[in-house]
> 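Provided herewith is a single structure, encoded as structure tokens, for subsequent inquiry.
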Amino acid sequence: MTRSWILCLVFCVLVVETAKPASQLQRSTVTEGMVKVVNTFCCPRRLRCCIPDKRVAIDKSVDEIEARMWLRLYNAELRKRAASAAEASWAHSTNMNPTTAAAAIRASSQLKKWKLKKRKEAKRFTPAAYSEDLRRQFWLISLDGTPEDSNDLRQMSKLKNDIETLYSTGKACRDENEDEVCHPLEPDLERIFATSRDYNELQWAWLGFRDAVGPAMREKFARLVELKNSGAQEHGNIWAKWWGNIYSLVAPYPDQPDMNVTSVLLEKGYDPLRMFKTAEEFFTSIGLRELPEVFWEKSMIVRPDDREVSCHPTSWDFHHQSDVRVKMCTEVNHEYLETVHHELGHIQYFLQYEDQPMLYRDGANPGFHEAVGDTIALSAMTPGHLRTVGLLEDWPDSHESEINFLLRQALDKIPALAMGLMIDTWQSRVFSGKITADEYNREWWKLRLEYQGLSPPVQRTEEDFDAGSKFHIVYGFAMMRYFVSYIIQFQFHESLCREAGYLQGPLHKCDIYGSSEAGDRLREMLRMGQSQPWPEAMRAMTGQSKMATSAILEYFQPLMKWLREQNKKESLGW
């Protein structure tokens, strides 16, 4: 008997065996496709047909074996297409011009069309009958809200690109020494907001950027909302975020040494590359991966002089051969040192789950992705650790310095909670139709006052579109990811400190640097990616499945006690 006959016979036997139900409740895993293979491939080779259609009952639904094979091919193809789209998007973000814009739009549209086609294909499967792993993958495929109309899809990709370009290239212009000088948001305007105490200059910078980007994108944003909503319905379903820059105005004990290490970084000759190396060393000290060579070769760490780029710090996964990168216009200062740790948290997440199927290569939920780097920074930016790495020399261990440190931390962490909740409230009301296009700005400032106690420095109208000055609205990021992050990062920090053997002492003084035990716990969660529901990832990280606020309350407890004493005679609120 020839080898082909033997293989055919073995296949026939396997099919027959899988067709025998163990009970009335067990569905057959034989498909019409498998029968067709046997009866067309084997019979012409003079081998007696072993699966006559009349003698074997065939389940008409597609079986789990075929579903698993389909998903394997889907994940492989998705990885290639996502990598191609990411390259096109990267090319545009790091060199913004009409040619790269057109290529990015084309790549994005092609990926969305392919996903739409595959989502339709997936409807022929019956995930409810499959294993939990397959059910989860089909569920993730179903979440995509891409419009089915090809014209809408093309228009949506172009509108998104137009809005992002307006934001990234927006500048505030003024006369300086009889010449008009235009300042980009990063780093120029951000530096003004961080350091200037001149009210007129701050007002000019605030208004100049918003006037440059808001009105031009207002109608585009309204149309984009319509298109996104149509896709969702088809398938069933400077910004006062951080207040750390005003620390010098509200420091509880201004006579204490400042823990801002900007001057030390400059004195010691740090450049952006050295800042990244310093942050990388923290991650490797707990046993996580070194950054791959491709990271150093392809990342955009500083702003280039010869072209327009998007400077907002972002981390990128190109889905093959550990190709991970960051894009940011790094400045040598305290704030960017913390930002570098944040971005490398994303990078470590990418590297740790890169062996997962493509559908699982994401955070357990978006808040987890945002929390990783910030969790590391809760150790790396403590006075104790900064002293260890030689960046903070004159820092006394006193009650006064402790309160100063905690207030600086609170100015960055707590307002971000209100900001995230405010923006997502606005966005949800916009997409639900409760806020219409003719009241975008009015409702924006109404919520800003309600949640943050903030009002604009000049009168605003519906001709303006101040929401368009926020990166995360322009780029379509749900802010709830940050709201969740600013809670769970303290929960993660507490768990890693416990794993590192830090069982006593204030939580805000814990530093997990050098703890392989903490690194093992963190790695376990990172490697899961999105393969399990987020409560399971939370359990792997903390030993419990729920998000809790106890850790953030413990972290800031000394400051809360001090504030209660300071404000006991004050009337709080706005």
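For the single chain, residues carry numbers from 1 onward in sequence order.
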> Under the side chain to side chain contact (heavy atoms under 4.5 Å, CB included) rule, what do Met358 and Tyr74 come out as? Steps first, then yes or no, please.
CA-CA 9 Å; Met358 188 65 185; Tyr74 177 94; over 6 Å; no
> Are Phe350 and His369 close enough that their ring centres sit under 6.0 Å apart?
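Yes, the ring centres sit under 6.0 Å apart.
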> Is any side-chain N of the basic residue among Arg387 and Asp511 closer than 4.0 Å to the acidic one's carboxylate O?
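Salt bridge between Arg387 and Asp511, a charged N being under 4.0 Å from a carboxylate O: no.
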> For the side chain of Thr330 and the backbone of Ile301, is there at least one donor-acceptor N/O pair under 3.5 Å apart?
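Yes; at least one donor-acceptor contact below 3.5 Å.
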> Count the heavy atoms belonging to other residues, nucleotides or ligands that lie under 6.0 Å from CD of Glu132, then report whether that count exceeds 12.
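12 or below, so no.
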> List the atom of Val484, the atom of Gly367, and the distance in Å for their closest heavy-atom pair.
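Closest pair (atom of Val484, atom of Gly367, distance): CG1-CA, 4.0 Å.
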> Shortest non-hydrogen contact from Gln409 to Phe556?
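Closest approach of Gln409 to Phe556, heavy atoms only: CB-CE2, 3.9 Å.
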> Just by modelled atom types, is the Asp362 backbone N or O under 3.5 Å from a matching donor or acceptor in the Gln356 side chain?
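No, the answer is negative, given that no donor and acceptor are paired below the 3.5 Å cut-off.
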> Could you tell me whether the side chain of Ser428 and the main chain of Thr425 form a donor-acceptor pair under 3.5 Å?
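Yes, Ser428 side chain to Thr425 backbone: donor-acceptor pair under 3.5 Å.
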> Centre-to-centre under 6.0 Å for Tyr349 and Tyr353, is that the case here?
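Centroid distance Tyr349-Tyr353: below 6.0 Å, so yes.
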> With a 4.0 Å cut-off on N to O distance, would you call Glu281 and Lys277 a salt bridge?
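No.
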> Work out which heavy atom in Val294 is nearest to a heavy atom in Val324; give both atom names and the distance.
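In terms of heavy atoms, the two residues are closest at CG1-N, 4.1 Å.
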> Quick one: does any side-chain atom of Ser379 pair with a main-chain N or O of Ile512 as donor and acceptor, under 3.5 Å?
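Flag set: sc Ser379 to bb Ile512 pair under 3.5 Å.
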> Counting heavy atoms not belonging to Met69, are there more than 12 under 6.0 Å from its CE?
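Result for CE/Met69: open.
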> Any donor-acceptor pair under 3.5 Å linking the side chain of Gln544 with the backbone of Lys546?
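Yes, because the side chain of Gln544 sits within donor-acceptor range (under 3.5 Å) of the backbone of Lys546.
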> Looking at Thr278 and Arg274, would you say the former's side chain and the latter's main chain have a donor-acceptor pair under 3.5 Å?
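Yes; judged by distance alone, with no hydrogens or angles, the pair exists.
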> Which is it for Leu337 and Thr262 under the side chain to side chain contact (heavy atoms under 4.5 Å, CB included) test, yes or no, and what are the steps along the way?
CA-CA 9 Å; Leu337 181 61; Thr262 298; over 6 Å; no
> About how many Å separate CE of Met541 and CZ of Phe368, when rounded to the nearest 0.5 Å?
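The distance works out to 8.5 Å.
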> Roughly how far apart are Leu71 CG and Phe125 CZ, rounded to 0.5 Å?
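Between Leu71 CG and Phe125 CZ, I get 7.0 Å after rounding to 0.5 Å.
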> Just by distance, do the side chain of Arg521 and the backbone of Ser495 share a donor-acceptor pair under 3.5 Å?
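Side chain of Arg521 to backbone of Ser495: no pair is present.
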> Give a yes or no answer on whether the side chain of Arg81 reaches the backbone of Leu111 with a donor-acceptor pair at less than 3.5 Å.
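Side chain of Arg81 to backbone of Leu111, a donor-acceptor pair under 3.5 Å: no, none is there.
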> Looking only at atom types and distance, does a side-chain atom of Asn75 sit under 3.5 Å from a main-chain N or O of Leu359, one as donor and one as acceptor?
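Yes.
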> Between Glu370 and His342, is the side chain to side chain donor-acceptor pair (under 3.5 Å) condition met? List the steps.
CA-CA 8 Å; Glu370 299 300 335; His342 174 88; 3.1 Å; yes
> When the ring centroid of His312 is compared with that of Tyr167, is the distance short of 6.0 Å?
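Not under 6.0 Å, so no.
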> Would you say the side-chain atoms of Ser315 pair up with the backbone N or O of Glu343, donor to acceptor, closer than 3.5 Å?
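Looks like yes, one N/O pair under 3.5 Å.
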> With a 4.5 Å heavy-atom cut-off, do Val332 and Met275 have their side chains touching?
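A side-chain contact exists here, since the closest heavy-atom pair is under 4.5 Å.
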> Does Thr94 have any side-chain contact (heavy atoms from CB on, under 4.5 Å) partners at least two apart in sequence or in another chain, and if so, which?
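So Thr94 forms a side-chain contact (heavy atoms from CB on, under 4.5 Å) with Trp90, Met300, Lys327.
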> Between Val326 and Phe276, is any pair of side-chain heavy atoms under 4.5 Å apart?
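Yes, at least one pair of side-chain atoms sits under 4.5 Å.
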> Would you indicate whether the side-chain heavy atoms of Ile552 and Ile414 approach each other to under 4.5 Å?
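Result yes, sub-4.5 Å side-chain heavy-atom pair found.
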> Among side-chain atoms of Tyr482 and His472, is any donor-acceptor pair under 3.5 angstrom?
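The criterion, which ignores hydrogens and geometry beyond distance, is satisfied for His472 and Tyr482.
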